[in-house]
Amino acid sequence: MPVPQSAHAKPFEHSVPEGWESSVAFFTGLSVVILTAHYFFVPDTTIESWAYNEAAARLRLKEEHGFTNFEFGKHYQDMEEDARKEKWEELSNKTFHPFKEEEEDDDDDDEDDDDDDDDDE
């Protein structure tokens with residue numbers, strides 16, 4: 001019976017690189033990084049985490065505002081998120097436009113001033 005040549009090969013010995021090894025190593029490493037990032041950064045969508053956050057939002061409403069008339073089916077966690085977004089928008093508008101006040105239309109006066117100077121000559 002013939003003996004295959006692979007039976008005589010020494011482990012981890014490679015005579016000539018074939019060119020595909022570096023590509024396989026790169027994409028294997030890249031896939032490990034992507035899968036690890038996905039595992040750690042995927043949002044928690046379990047019912048337990050939602051219920052915990054909803055209960056915490058209702059407790060905060062009860063403690064801070066004395067609100068006790070909670071409606072069935074209404075998500076109070078969303079109300080807090082909307083309030084946070086409004087505060088963030090207000091802060092970002094102040095940050096990007098710190099000296100901007102109410103917008104007034106003063107453009108008409110500037111055009112009239114230029115025309116008056118030309119008439120005097």
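- Its side chain within the 4.5 Å cluster rule, W50 clusters with I47 among the Ile, Leu, Val, Met, Phe, Trp and Tyr residues.
- To the nearest 0.5 Å, atoms CG (L61) and CG (N69) are separated by 12.0 Å.
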Listed pairs under 3.5 Å, donor-acceptor, residues 83-90 side chains, sequence neighbours left out:
unit_1, atom_1, unit_2, atom_2, d
R84, NH1, E81, OE1, 2.8

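- When the side-chain contact (heavy atoms from CB on, under 4.5 Å) test is applied to T36, the partners found at least two apart in sequence or on another chain are V32, F40.
- Applying the ring-ring contact (aromatic ring centres under 6.0 Å, His included) rule to Y39 yields no partners; only residues at least two apart in sequence or on another chain are considered.
- For V24, the side-chain contact (heavy atoms from CB on, under 4.5 Å) criterion is met by W20, T28, not counting sequence neighbours.
- Clustering of Ile, Leu, Val, Met, Phe, Trp and Tyr by side-chain heavy atoms under 4.5 Å joins L30 with F26, F27, I34.
- The side-chain contact (heavy atoms from CB on, under 4.5 Å) search around V3 returns A7, H8, not counting sequence neighbours.
- Listed by first and then second residue, the salt bridge (Lys or Arg N to Asp or Glu O under 4.0 Å) pairs that reach into residues 41-64 are E54-R58, R60-E80, sequence neighbours excluded.
- No more than 12 heavy-atom neighbours from other residues, nucleotides or ligands sit within 6.0 angstrom of OH on Y52.
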